[in-house]
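Comments concern the structure below.
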Amino acid sequence: MMIRPVIAAAALVAATYLSSPAHAAPADEVAALYEQFVAAQNRHDLTAVRALLVPTDAFVWVSDGKAFWGPETMIERMSRFQASEVWEVIPDRERRRFIDLSADSAYLYQPLTLRIGSAAQPDAIPFLVSVLCVQTEDGWRIKALLTTVEKP
């Protein structure tokens, strides 16, 4: 009857592992990744933005109905937008939603407001952002961004 102690021990190990802060839920890790992404954009730190992306041409940003493949293409396009006096991403964290796809991939639905333009009168544009995040050797990274203006 050695089976019961073994099952009990296995259950204890599993419960400890799953409750450990070192093994945060993917939603927490994806939220942290996206918060880093927002902070880097708001600092106009495109080097930090790039470091949060999957470093291959398999990365895609779909913006204004156009696909931009590879991190360098995204950074080049974003640098033109960030040339504005004002560029500020303001996520609506209350409306944020997560969908776990697998143990190493997750989808983030993130409504936000983008403030962009002149300091005297920036535009405030409501956006919907869909983010595909994947676990890599270097931690969670963004593999795809799909952005569109939010329709009321």
Side-chain angles (χ1 to χ4, degrees), residues 13-152:
V13 169
T16 301
Y17 176 81
L18 292 173
S19 65
S20 168
H23 302 285
D28 294 339
E29 294 174 1
V30 168
L33 169 65
Y34 191 75
E35 291 298 329
Q36 292 173 4
F37 184 66
V38 167
Q41 287 182 71
N42 288 345
R43 288 191 315 269
H44 296 235
D45 184 348
L46 295 177
T47 300
V49 167
R50 192 195 183 300
L52 299 171
L53 309 175
V54 171
T56 71
D57 286 339
F59 169 84
V60 65
W61 177 24
V62 178
S63 172
D64 297 329
K66 298 175 195 157
F68 298 89
W69 291 95
E72 297 309 322
T73 305
M74 178 191 166
I75 295 302
E76 179 184 322
R77 179 172 168 80
M78 187 176 279
S79 71
R80 292 193 303 265
F81 292 135
Q82 287 197 347
S84 299
E85 287 181 279
V86 174
W87 168 282
E88 181 183 19
V89 175
I90 307 164
D92 182 344
R93 293 172 183 91
E94 296 297 317
R95 294 174 50 210
R96 173 185 291 173
R97 298 289 179 262
F98 298 93
I99 300 170
D100 291 333
L101 301 175
S102 70
D104 59 358
S105 64
Y107 171 87
L108 169 66
Y109 165 82
Q110 178 62 73
L112 61 83
T113 300
L114 175 63
R115 290 184 62 243
I116 186 170
S118 70
Q121 194 168 13
D123 292 320
I125 306 166
F127 269 95
L128 295 177
V129 180
S130 299
V131 188
L132 174 60
C133 303
V134 295
Q135 178 74 7
T136 71
E137 294 175 352
D138 299 318
W140 285 89
R141 296 292 181 261
I142 296 170
K143 187 163 187 173
L145 285 168
L146 299 104
T147 59
T148 186
V149 174
E150 183 175 22
K151 305 286 186 196

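Residues take their numbers from the sequence shown, with the count starting at 1.
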With rounding to the nearest 0.5 Å, note down the distance linking [atom1] in [X] to [atom2] in [Y].
X      : Y      : atom1 : atom2 : answer
Glu85  : Ile116 : CD    : CD1   : 11.5 Å
Gln110 : Phe98  : CD    : CZ    : 7.5 Å
Phe59  : Ile142 : CZ    : CD1   : 7.0 Å
Leu112 : Glu88  : CG    : CD    : 11.0 Å
Ile99  : Ser105 : CD1   : OG    : 11.0 Å

(message) Closer than 3.5 angstrom, by distance alone: can the side chain of Arg141 be matched with the main-chain N or O of Leu33 as a donor-acceptor pair?
(response) no
(message) Using only atom types and a distance under 3.5 Å, with no angle test, would you say the side chain of Thr147 pairs donor to acceptor with the backbone of Val62?
(response) yes
Closest heavy-atom pair and its distance - [X], [Y]:
X     : Y      : answer
Met78 : Val49  : SD-CG1, 4.2 Å
Ala58 : Trp69  : O-CZ3, 3.8 Å
Pro71 : Pro55  : CG-CA, 4.0 Å
Val30 : Ala106 : CG2-CB, 3.8 Å

Side chains of [X] and [Y]: closer than 4.5 Å at any heavy-atom pair?
X      : Y      : value
His44  : Ser79  : no
Cys133 : Tyr34  : no
Leu132 : Leu101 : yes
Phe127 : Glu150 : no
Gln82  : Gln41  : yes
Leu145 : Phe37  : yes
Leu114 : Val89  : yes
Glu72  : Glu76  : no

(message) Testing Asp123, Ile90, Asn42 one by one against Arg115 for a side chain to side chain contact (heavy atoms under 4.5 Å, CB included), which residue passes?
(response)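 Of Asp123, Ile90, Asn42, side chain to side chain contact (heavy atoms under 4.5 Å, CB included) with Arg115 is met by Ile90 alone.
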(message) Quick check on side chain to side chain contact (heavy atoms under 4.5 Å, CB included): which of Val60, Leu53, Thr136, Val54 does Lys143 satisfy it with?
(response)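 When Val60, Leu53, Thr136, Val54 are each tested with Lys143, the side chain to side chain contact (heavy atoms under 4.5 Å, CB included) holds only for Val54.
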(request) Please assess Arg93 against Glu35 for the test side-chain contact (heavy atoms from CB on, under 4.5 Å), listing each intermediate value before the final yes or no. (result) CA-CA 10 Å; Arg93 293 172 183 91; Glu35 291 298 329; 2.8 Å; yes
(request) Could you please spell out the steps behind the side-chain contact (heavy atoms from CB on, under 4.5 Å) verdict for Thr113 and Asp92? (result) CA-CA 8 Å; Thr113 300; Asp92 182 344; over 6 Å; no
(request) Could you check whether the rings of Trp61 and Phe68 sit parallel, tilted or perpendicular, using 30° and 60° as the cut-offs? (result)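 Trp61 vs Phe68 ring planes: tilted.
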